[in-house]
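In each ligand, atom 1 is the first atom listed, and ligand 1 is the first ligand listed.
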Amino acid sequence: MRKHIVAGNWKMNKTFDEADELISNIMDKLEKTTLDRNTQVIICPPFPFLEMTSDYSDDSYFAVGAQNVSDQESGAYTGEVSAAMLESMELDYCIVGHSERRAYYHETDEIIARKVDQLLKHNLRPIVCCGEVLEERESNRQFDVVKKQITDGLFHLTAEQFADIVIAYEPVWAIGTGKTATPEQAQEMHAFIRGLIADKYGKEVADETSILYGGSCKPGNAKELFANPDVDGGLIGGASLKADDFIAIAEAF
Ligand code: PEP
């Protein structure tokens, strides 16, 4: 059975002390609740807080992920962080291809494909984001856009490699806007993505791939989003910065 995943993307928020307080509050709540046994919680803080976050997760209440990685192995790339470095910290996951990276840092599907390769080479599981902007949805091009992102970013992988991929469908018009995709829109796109994977790698691989929804997911809408057969959890931005909200979303399964 594929995993349900609730992953918190803190983005560029929190100072050291604030991060410490947030993780400690999340731990408190996780200790007091009983999540569905198939639900994996992941926290993706900024790079400087990865070690602190990992230290809290020793008793494996949650897994830890980075928000970005270099597409290069090592060397003279000032300011970059390599997959080998993340591996040496024993991290589990890394977000790749978030729409903010695509828009502000000009990440193309080719760059994203190289980042995915780096992560897999170093035993990290990529959480690969895809999704259309508002204008693409309004002109009914969302399926073409997502198909291209998945095909160009991921379909060079072998079926064995693909087994480590987590996909996050994040309609860009829903990220940080308070505007959520309807459960029907989410289900429709998730089923479409699973169909693409099935066509390329077969039904067994597709059935095992966790496909998360991201975009203004909150405690108030998580249950109806996660109730859809092809929605396997969420990539959570704003609501992951409040322990109560984040854990309430994880409890929505
Ligand atoms: C995100 O950035 O991945 C995201 C889903 O953000 P938000 O939940 O704030 O819309």
Taking the six-membered ring for Trp, are Tyr56 and Tyr61 ring centroids under 6.0 Å apart? no
Heavy atoms only, cut-off 4.0 Å: how does Ile175 contact ligand 1, side chain, backbone, both, or neither? both
Is there a polar contact, in the sense of an N or O pair closer than 3.5 Å, between Thr177 and ligand 1? no
Lys11 heavy atom under 4.0 Å from ligand 1: yes
Any heavy atom of Ala174 under 4.0 Å from ligand 1? The part involved is backbone
What residue among His98, Lys115, Glu100 forms side chain to side chain donor-acceptor pair (under 3.5 Å) with Asn68? Lys115
With a 4.5 Å cut-off on side-chain heavy atoms, are Ile167 and Ile197 touching? yes
Flag side-chain contact, heavy atom, 4.5 Å: Phe246 against Ile43: yes
Is the closest heavy-atom distance from Gly176 to ligand 1 below 4.0 Å? yes
Going by distance only, is there an N or O of Gly238 that falls short of 3.5 Å from an N or O of ligand 1? yes
Residue selection (non-hydrogen contact nearest atom 4 (C) of ligand 1) among Gly214, Gly237, Cys217: Gly237
Can you find a heavy atom in the side chain of His190 that is under 4.5 Å from one in the side chain of Asn228? no
closest protein heavy atom to atom 3 (O) of ligand 1 is Glu170 OE2, 2.7 Å
At what distance is the nearest protein heavy atom to atom 1 (C) of ligand 1, and which residue and atom is it? His98 NE2, 3.2 Å
Is the closest side-chain donor-acceptor distance between Asp230 and Gln187 under 3.5 Å? yes
